[in-house]
Asker: 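If you scroll down you'll find the structure; I have some questions about it.
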Amino acid sequence: MTFAEIIAAMKQYENSEEYKKFVDSLFTPERVKAFLDTEAGQKAMQPYIDKQSAKGLETWKTNNLQALIDAEIKTRFPEADPKDTELAKVKAQLEAMQKESARKELLIKAQAVATEKKLPVSLVSYFIGDDEKTTKANLETLEKVFTEALSASVEDRLKQGHIPNGDKNEQMDGVTAAFMARNPDVKLN
């Protein structure tokens with residue numbers, strides 16, 4: 001008799017008590033554990049394990065997570081005493097006033113330096129740094145750039161040249177007018 005014939009013959013006894021005892025004897029805890037330790041057993045059980053783990057995690061989140069978050073927030077950011085809050089506000093205001101005062105002092109010093117170096121004072125407020133050293137470096141950069149730009153502008157004007165009285169509408173100064181009156185035949189270009 002083949003194995004297929006044995007299975008077909010056993011089908012007729014499926015509902016009998018003896019058949020159920022025989023099938024139960026095939027599935028002992030040791031045999032199930034041995035099957036689950038194999039790769040095929042792990043593949044068969046993994047979806048069930050994942051489903052149960054996800055369900056357990058969701059239950060844990062629902063029951064415990066918010067309490068843990070609240071506790072951590074309280075440890076990191078304890079409720080402040082109203083006096084402490086007011087003190088922090090006063091400290092912040094004092095620091096802001098000190099920064100403003102230091103900025104004003106730097107502005108006054110920078111304006112003095114700009115006046116001394118003949119730089120445009122109206123631009124000085126844009127070059128104020130966090131401290132005197134930074135402000136001084138910024139003003140030196142301004143001086144360098146401003147001087148270079150001014151020199152380039154003067155050179156361009158000199159290259160263009162200037163013809164005195166080239167424009168007939170231009171008025172003559174006193175010396176030129178006196179010279180022209182004594183020498184009417186001389187023409188200025």
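Small disclaimer: the values here were computed from a predicted structure and weren't measured. Starting from 1, each residue takes its place in the sequence as its number.
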Asker: For atom CD of Glu18, is the number of surrounding heavy atoms from other residues, nucleotides or ligands below 6.0 Å larger than 12?
Answerer: no
Asker: Could you state the interatomic distance from CG (Asp130) to CG (Asn138), rounded to the nearest 0.5 Å?
Answerer: 9.5 Å
Asker: With no hydrogens and no angle check, is any side-chain donor or acceptor of Ser153 less than 3.5 Å from a backbone partner on Ala149?
Answerer: no
Asker: Any side-chain heavy atom of Asn183 within less than 4.5 Å of one from Asp185?
Answerer: yes
Asker: In terms of side-chain geometry, is the basic nitrogen of Arg76 or Glu72 positioned less than 4.0 Å from the acidic oxygen of its partner?
Answerer: yes
Asker: First locate atom OG1 of Thr141, then atom CZ of Phe127, and finally report the distance between them rounded to the nearest 0.5 Å.
Answerer: 8.0 Å
Asker: If we count only N and O atoms by modelled type, under 3.5 Å, do the side chains of Thr134 and Asp131 hold a donor and an acceptor together?
Answerer: yes
Asker: Check Lys20 with Asp24, please: is the shortest side-chain N to carboxylate O separation under 4.0 Å?
Answerer: no
Asker: Heavy-atom distance under 4.5 Å between the side chains of Glu140 and Lys144, does that happen here?
Answerer: no
Asker: Is Val113 linked to Tyr126 within one hydrophobic cluster, defined over Ile, Leu, Val, Met, Phe, Trp and Tyr using a side-chain heavy-atom separation of less than 4.5 Å?
Answerer: yes
Asker: Measuring from Lys43:NZ to Thr38:OG1, what's the distance to the nearest 0.5 Å?
Answerer: 10.0 Å
Asker: List the atom of Met1, the atom of Ile6, and the distance in Å for their closest heavy-atom pair.
Answerer: SD-CG1, 3.5 Å
Asker: Considering residues, nucleotides and ligands other than Asp84, do more than 12 of their heavy atoms fall under 6.0 Å from its CG?
Answerer: yes
Asker: Can you see which heavy atom on Ala9 is nearest to which on Gln12, and at what distance?
Answerer: O-CG, 2.9 Å
Asker: So, the side chain of Ser101 versus the backbone of Met97: is there a donor-acceptor pair under 3.5 Å, distance only?
Answerer: no
Asker: Which atom pair, heavy atoms only, marks the closest approach of Phe146 to Lys118?
Answerer: CE2-O, 4.0 Å
Asker: If I take atom CG from residue Leu139 and atom NZ from residue Lys109, how far apart are they, to the nearest 0.5 angstrom?
Answerer: 12.5 Å
Asker: Looking at Phe22, I'd like to know if its CZ atom is crowded, meaning that more than 12 non-hydrogen atoms belonging to other residues, nucleotides or ligands lie closer than 6.0 Å.
Answerer: no
Asker: Output all residues satisfying side chain to side chain contact (heavy atoms under 4.5 Å, CB included) with Leu65, sequence neighbours left out; order by chain, then residue number.
Answerer: Trp60, Lys61, Ile69
Asker: Taking atom CD of Glu105 and atom CD of Glu100, what is their separation to the nearest 0.5 Å?
Answerer: 11.0 Å
Asker: Are the side chains of Leu107 and Val124 in touch, meaning some heavy atoms are under 4.5 Å apart?
Answerer: yes
Asker: More than 12 heavy atoms of other residues, nucleotides or ligands under 6.0 Å from CD of Glu39: yes or no?
Answerer: no
Asker: If you take all heavy atoms of Glu14 and Tyr19, which pair is closest and at what distance?
Answerer: O-CD2, 3.2 Å
Asker: Same hydrophobic cluster for Ile7 and Leu26, using side-chain heavy-atom links shorter than 4.5 Å among ILVMFWY?
Answerer: no
Asker: Between Asp37 and Lys33, does the salt bridge (Lys or Arg N to Asp or Glu O under 4.0 Å) criterion hold? Intermediate values first, please.
Answerer: CA-CA 6 Å; Asp37 287 340; Lys33 184 175 182 327; 3.5 Å; yes
Asker: So, the side chain of Thr135 versus the backbone of Leu106: is there a donor-acceptor pair under 3.5 Å, distance only?
Answerer: no
Asker: For residues Asn63 and Thr59, determine if any side-chain heavy atom of one lies less than 4.5 Å from a side-chain heavy atom of the other.
Answerer: yes
Asker: Hydrophobic clusters here meaning ILVMFWY residues chained together by side-chain heavy-atom distances under 4.5 Å, can you tell me if Ile108 and Val121 are in one?
Answerer: no
Asker: How long is the straight-line distance from CZ of Arg31 back to CG of Leu36, given to the nearest 0.5 Å?
Answerer: 14.0 Å
